[in-house]
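To keep things clear, I will list the structure first and then write my remarks on it.
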Amino acid sequence: MKNNFNLLTISCLIVISVSCQKNGVELIDKTTPSETAPTYTPNSPMWKKLVSPSNSRFTNGVLKTEQENLYTCVMARTDTVNDHLKIDNFSHINIIGNLDAQTIISGEYVPENNYWVIRKTEGIPRYSPILLGPFAAVGRFGVIGYFTLLGAGYSVNESYPAGFQFIKDWWLQSDYNQTGDVVNNVILTGFMANNAGYFLENDNNKQVWYINNGQIYEKRKAFSGNFVGRFATSSAKINKKDYGYLVSESQDEKVKTKEFYQYNTDLDIWTRKADFPGEDRYEGVIFGINDKIYYGLGQSKTDAKGFRDIWQYDTQTDKWSNFATYPGSGNIKVSTAIVSGKVYIGMGYYVGATAINTEKYIGVSDFWQFVPSLK
């Protein structure tokens with residue numbers, strides 16, 4: 001089985017070619033330039049290429065260098081004010097990610113101007129966090145604002161006994177109801193449904209948690225399906241109500257990534273739905289728009305390659321169909337955010353083969369808009 005990619009640090013190589021004359025001998029640096037990922041042309045009007053964060057300055061006006069490209073991040077929209085405007089909603093999108101072992105990058109994407117606002121700060125980066133939102137904060141006379149919650153993940157440092165340490169944010173420790181229930185130190189996977197957040201512990205406990213817009217969390221029943229490596233989760237709307245959806249991903253080539261479930265948030269019940277029929281994979285991306293779920297990309301478990309296919313699941317018919325081909329370069333750790341019928345998707349890592357047919361990973365920063373209704 002091929003080795004799968006686990007991101008611990010983000011780095012790339014700047015190669016500087018130098019030539020000079022010394023004692024009549026020309027010295028030439030023959031170092032192989034750093035590789036770039038292949039690029040593709042969209043085959044459908046559903047796709048539109050947007051400006052990449054790598055083309056933006058930091059807020060202090062300092063240009064980013066090649067090694068400061070943003071490859072992995074989490075994204076979430078900032079509000080739901082204009083949801084009634086369908087695909088014309090221009091809610092901004094929050095992002096947070098890492099540049100290296102000492103630097104955090106955060107900011108927002110502004111859809112109406114196709115523009116990034118990027119900030120760089122010193123700090124302890126975290127890996128595999130969740131970003132839940134937007135939550136609508138409700139006051140006496142209705143919605144008074146919106147917020148998102150960043151949490152969990154882990155940091156890496158040689159001083160830690162195990163070399164890494166899980167992060168427990170304040171909102172994961174509040175225990176407002178004083179039940180004694182505590183979120184375990186594991187990787188979490190989350191989604192939004194009906195103005196509330198839901199997140200799962202990615203281990204054999206399969207514990208499900210709920211957090212409301214008052215930032216109070218409570219324990220739900222454990223996920224009833226199988227945990228085989230990683231949970232990929234999102235939500236879709238059926239008859240004006242949000243339902244959660246989950247693909248149980250396996251990293252083991254002997255266990256196919258196929259199990260797919262629906263979650264009823266009111267009844268706290270998981271129901272198995274039609275299996276994912278696509279080629280076996282790991283580290284895919286999932287998102288929901290209206291009453292459809294989309295799942296795809298990822299990397300092969302048996303070959304040194306990534307996938308670009310995106311499959312659509314119809315919640316009304318319980319059927320999957322091969323729906324689109326991603327024109328971006330990333331295959332894994334690709335980030336998404338949804339704004340009223342439009343998907344903003346990009347970054348991540350390209351997965352390809354070396355000369356000896358082992359995996360190679362190349363960070364990419366391209367960014368796209370995907371509108372399934374334009375098919």
Side-chain angles (χ1 to χ4, degrees), residues 44 46-47 83 86-87 189-200 202 206-208 210 220-252 254-301 307-326 334 336-343 345 370-375:
S44 166
M46 295 186 292
W47 298 100
D83 268 358
K86 302 297 182 182
I87 63 172
T189 304
F191 62 93
M192 292 292 295
N194 307 304
N195 198 33
Y198 296 84
F199 52 97
L200 294 88
N202 280 237
K206 304 176 293 184
Q207 184 58 57
V208 180
Y210 155 89
R220 290 293 184 97
K221 296 176 186 175
F223 170 58
S224 57
N226 295 313
F227 174 75
V228 290
R230 175 180 178 267
F231 294 134
T233 59
S234 189
S235 62
K237 191 177 294 293
I238 304 174
N239 297 325
K240 299 182 179 181
K241 176 187 172 183
D242 293 334
Y243 289 79
Y245 287 88
L246 177 152
V247 175
S248 189
E249 291 191 327
S250 164
Q251 191 172 354
D252 187 345
K254 297 178 181 178
V255 182
K256 191 176 188 296
T257 293
K258 64 177 184 177
E259 292 187 17
F260 182 63
Y261 295 82
Q262 180 193 74
Y263 180 58
N264 187 313
T265 60
D266 291 338
L267 302 178
D268 192 16
I269 293 175
W270 293 90
T271 303
R272 186 163 178 176
K273 295 295 184 176
D275 286 351
F276 172 67
E279 193 170 346
D280 197 14
R281 68 194 67 205
Y282 186 72
E283 197 88 44
V285 64
I286 186 171
F287 52 88
I289 305 174
N290 299 324
D291 63 348
K292 304 294 191 297
I293 288 290
Y294 300 84
Y295 174 73
L297 308 188
Q299 75 174 89
S300 171
K301 302 176 191 176
F307 296 107
R308 297 172 54 223
D309 55 338
I310 294 178
W311 292 69
Q312 181 192 76
Y313 172 76
D314 190 324
T315 61
Q316 305 298 325
T317 63
D318 190 29
K319 292 183 178 179
W320 289 90
S321 60
N322 195 335
F323 187 80
T325 300
Y326 179 49
V334 175
T336 64
I338 314 299
V339 179
S340 299
K342 292 181 179 179
V343 184
I345 178 171
F370 174 49
V371 186
S373 62
L374 295 180
K375 185 169 183 177

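Formation of a donor-acceptor pair under 3.5 Å by the N264 side chain with backbone atoms of I269 is not found in this model. Judged purely by atom type and a 3.5 angstrom limit, E249 uses its side chain to pair as donor or acceptor with the backbone of E283. D291 contributes no side-chain N or O that, together with a main-chain N or O of I238, makes up a donor-acceptor pair within less than 3.5 Å. The closest donor-acceptor contact from the side chain of R281 to the backbone of L297 lies under 3.5 Å. Checked by atom type and distance alone, the side chain of S248 never pairs as donor or acceptor with a backbone atom of E259 at under 3.5 Å. The backbone N or O of N290 sits nowhere less than 3.5 Å from a side-chain atom of K237 that would complete a donor-acceptor pair.
When each of F260, Y261, Y263 is checked for a ring-ring contact (aromatic ring centres under 6.0 Å, His included) with Y245, only F260 meets the rule.
For the pair F287/I338, a side-chain contact is recorded, criterion being any heavy-atom separation below 4.5 Å from C-beta on.
With rounding to the nearest 0.5 angstrom, the CH2 atom of W311 is 14.0 Å from the NZ atom of K319. If you take OH on Y295 and OG1 on T233, they are separated by 11.5 Å, rounding to the nearest 0.5 Å. With values rounded to the nearest 0.5 angstrom, D309 atom CG is found 13.0 Å from F323 atom CZ. The distance from the CG atom of N239 to the CD atom of Q316 is 6.5 Å, given to the nearest 0.5 Å. For the atom pair CG of L374 and NZ of K342, the computed distance is 9.0 Å after rounding to the nearest 0.5 Å. Atoms OG1 and OH, on T336 and Y294 in that order, are 13.0 Å from each other to the nearest 0.5 Å.
For the residue pair K221 and D268, the shortest heavy atom distance occurs at N-OD2, 3.0 Å. Taking both residues in full, the closest heavy atoms of Q299 and F307 are given as C-CE1, 3.7 Å, listed atom of the first, atom of the second, then distance. The two atoms that bring F227 and R230 nearest to each other are CE1-N, 3.6 Å, heavy atoms only. For T325 against W47, the heavy-atom pair with the smallest separation is O-NE1, 3.3 Å. Taking both residues in full, the closest heavy atoms of I293 and A236 are given as CD1-CB, 3.9 Å, listed atom of the first, atom of the second, then distance. Nearest heavy-atom pair across M192 and N195 is CE-C, 4.2 Å.
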**Request:** Check the pair L246, T189 against side-chain contact (heavy atoms from CB on, under 4.5 Å), reporting the backbone distance first and the verdict last.
**Result:** CA-CA 10 Å; L246 177 152; T189 304; over 6 Å; no
**Request:** Begin from the C-alpha positions of S235 and D242 and carry the test side chain to side chain donor-acceptor pair (under 3.5 Å) through to its verdict.
**Result:** CA-CA 6 Å; S235 62; D242 293 334; 5.2 Å; no
**Item:** Evaluation steps, side-chain contact (heavy atoms from CB on, under 4.5 Å), between K292 and D314
**Value:** CA-CA 5 Å; K292 304 294 191 297; D314 190 324; 3.6 Å; yes
**Request:** Decide yes or no on side-chain contact (heavy atoms from CB on, under 4.5 Å) for V228 and D252, but give the supporting numbers first.
**Result:** CA-CA 8 Å; V228 290; D252 187 345; over 6 Å; no
**Message:** Under the criterion side-chain contact (heavy atoms from CB on, under 4.5 Å), I'd like the reasoning laid out for K256 against D275: C-alpha separation, chi angles, the key distance, then a yes or no.
**Reply:** CA-CA 10 Å; K256 191 176 188 296; D275 286 351; over 6 Å; no
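Electrostatic pairing of D266 and K241 counts as a salt bridge here, judged by a charged N lying under 4.0 Å from a carboxylate O.
Cation-pi contact between K273 and Y313: absent, since separation from the ring centre below 6.0 Å together with deviation from the ring axis within 45° is not met.
Looking at residues two or more places apart in sequence or on another chain, you find a ring pair (Phe, Tyr, Trp, His ring centres under 6.0 Å) between F191 and Y198.
Atom NZ of K206 has more than 12 neighbouring heavy atoms from other residues, nucleotides or ligands inside a 6.0 Å radius.
Using cut-offs of 30° and 60° on the angle between ring planes, the pair F223 and W270 is perpendicular.
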